[in-house]
Protein chains: 2
Amino acid sequence: MPVKNPGLKSAASSTVEDYLERILELINSKGYARVVDIAAALEISQASVTNMVQRLDAERLLKYEKYRGLVLTEAGEKLARRIAHRHRLLTEFLKLLGLDDRVICHDVEGMEHHISVPTLRAIEALTRQLRRRPALRAQLETALV
Amino acid sequence: MPVKNPGLKSAASSTVEDYLERILELINSKGYARVVDIAAALEISQASVTNMVQRLDAERLLKYEKYRGLVLTEAGEKLARRIAHRHRLLTEFLKLLGLDDRVICHDVEGMEHHISVPTLRAIEALTRQLRRRPALRAQLETALV
DNA sequence: TAAATAAATTAGTCTTAACTAACTTTGCAT
DNA sequence: ATGCAAAGTTAGTTAAGACTAATTTATTTA
Ligand SMILES: [Mn+2]
Ligand SMILES: [Mn+2]
Ligand SMILES: [Mn+2]
Ligand SMILES: [Mn+2]
């Protein structure tokens with residue numbers, strides 16, 4: 001039977017993507033991701049994190065041992081890397097437009113969940129071109145009134 | 001006292017923005033926006049629309065008379081125009097990147113709710129530059145592998 | 001004008017994703 | 001070894017936003 005999802009719209013909710021992204025980030029930066037750290041990073045309560053971690057375990061995106069810790073599964077890490085990659089590319093792109101870091105962080109955190117593969121590739125290509133054309137970037141700044 | 005919202009993050013939810021956007025669109029195209037039309041446009045049930053319309057009335061974004069019809073208030077129309085404008089600019093931008101219409105529609109419908117004013121201005125400036133540099137646009141296409 | 005159809009509303013339910021408060025487990029210091 | 005603080009969990013609540021089914025109002029049509 002044919003697959004329901006023909007390319008667009010990702011499988012995981014924005015919320016799930018944000019959790020996975022932060023978990024991978026924590027694992028990469030300090031070797032592990034504890035509930036308390038995830039809660040701090042996402043600025044939500046520990047109870048909410050416990051809930052979600054149990055759900056992600058049920059969905060096989062990570063393996064979780066109560067009171068102990070968690071590790072991403074193959075599938076979970078793949079999803080996490082995918083969203084982290086979107087985050088990186090979007091951030092680089094907006095940086096080239098001369099935007100403020102706070103603005104970039106805010107907008108990317110929302111936009112990253114709504115960018116399909118073709119759009120991401122196009123933005124990637126545009127970023128490459130922008131990078132090698134300082135003159136164009138300069139004109140952008142002046143065009144901003 | 002200082003305002004809570006310092007520029008970023010809009011006042012209305014993505015959902016509210018989508019409703020207002022569609023309502024304005026319907027009013028512009030056929031003169032009025034009925035519950036049944038809004039429901040069809042958003043692909044949700046009429047019951048959901050009735051609920052939201054009553055809420056938007058309570059929030060003074062539109063004036064609603066049961067079983068009759070609705071008109072946007074000043075505030076509602078302003079919000080609607082703002083989101084419609086973001087939608088337009090993003091669409092034009094992605095169009096210049098050579099993306100497929102279906103992809104553009106999908107991505108814009110999500111991204112439009114997460115673009116702050118400075119980012120929108122930057123994308124607007126970039127769009128202007130892209131428009132006058134067909135060579136650059138051509139290179140984008142070939143860069144897409 | 002009366003019946004039939006279309007549009008709109010209400011009531012009740014569901015899911016997601018957050019919260020607080022209370023409780024349990026773990027790890028560290030004495 | 002015990003006791004305390006930090007971390008984690010559970011239970012119960014809330015809000016947004018969707019749904020279906022049943023009902024009511026408005027509009028068409030015969
Ligand atoms: Mn995000
Ligand atoms: Mn992110
Ligand atoms: Mn939208
Ligand atoms: Mn839109």
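Chain naming here is simple, since letters A, B, ... match the order of the sequence lines and numbering starts at 1 in each.
The CD1 atom of A/Ile27 sits 13.0 Å away from the CZ atom of A/Arg34 when rounded to the nearest 0.5 Å.
Rounded to whole angstrom, the span from the OH atom of A/Tyr67 across to the C1' atom of D/dG8 amounts to 6 Å. One can place CD of A/Glu65 at 22 Å from P of C/dT24, the figure rounded to the nearest angstrom. Counting to the nearest Å, the P atom of D/dA16 and the CZ atom of B/Arg55 are 6 Å from each other. Here C/dT16 presents its C1' atom at 14 Å from CG of A/Asp18, a figure rounded to the nearest Å. At whole-Å resolution of the value, CE in B/Met52 and P in D/dA16 are 9 Å apart. Spacing between atom CG of A/Leu56 and atom P of C/dT16 amounts to 12 Å, rounded to whole angstrom units. Atom pair B/Asn51:CG and C/dG12:C1' shows a separation of 11 Å (rounding to whole Å applied).
Between A/Arg131 and A/Glu92 a salt bridge is recorded (basic side-chain N to carboxylate O distance below 4.0 Å). A salt bridge links B/Arg81 with B/Glu77; the closest basic N to acidic carboxylate O contact falls under 4.0 Å. Between B/Asp101 and B/Lys95, at least one side-chain N (NZ, or NE/NH1/NH2) sits under 4.0 Å from a carboxylate O, which counts as a salt bridge.
At least one side-chain nitrogen or oxygen of A/Lys66 sits closer than 4.0 Å to the OP1 or OP2 atom of D/dT10. Dashed line: the shortest gap from a side-chain N or O of A/Gln54 to OP1 or OP2 of D/dT10 is under 4.0 Å.
Every residue two or more places apart in sequence or in another chain was checked for a side chain to side chain donor-acceptor pair (under 3.5 Å) with B/Ser14, and none qualifies. Every salt bridge (Lys or Arg N to Asp or Glu O under 4.0 Å) that B/Arg55 has, sequence neighbours left out, goes to B/Glu59.
Within 4.0 Å (heavy atoms only), B/Thr15 reaches sugar-phosphate atoms of the nucleic acid but no base atom.
Of the listed residues (B/His85, B/Glu112, B/Arg82), just one forms a side chain to side chain contact (heavy atoms under 4.5 Å, CB included) with B/Leu120, and that residue is B/His85.
Of the two residues contacting DNA chain C, namely B/Thr50 and A/Tyr19, the nearest-nucleotide position lying further toward the 5' end is that of B/Thr50. Judged by closest nucleotide on DNA chain C, A/Ser13 is the one of A/Ser13 and A/Arg68 placed further toward the 5' end.
A heavy atom closer than 4.0 Å to some atom of DNA chain C occurs in B/Arg34, B/Val35, B/Val36, B/Gln46, these being the qualifying members of residues 30-46 of chain B.
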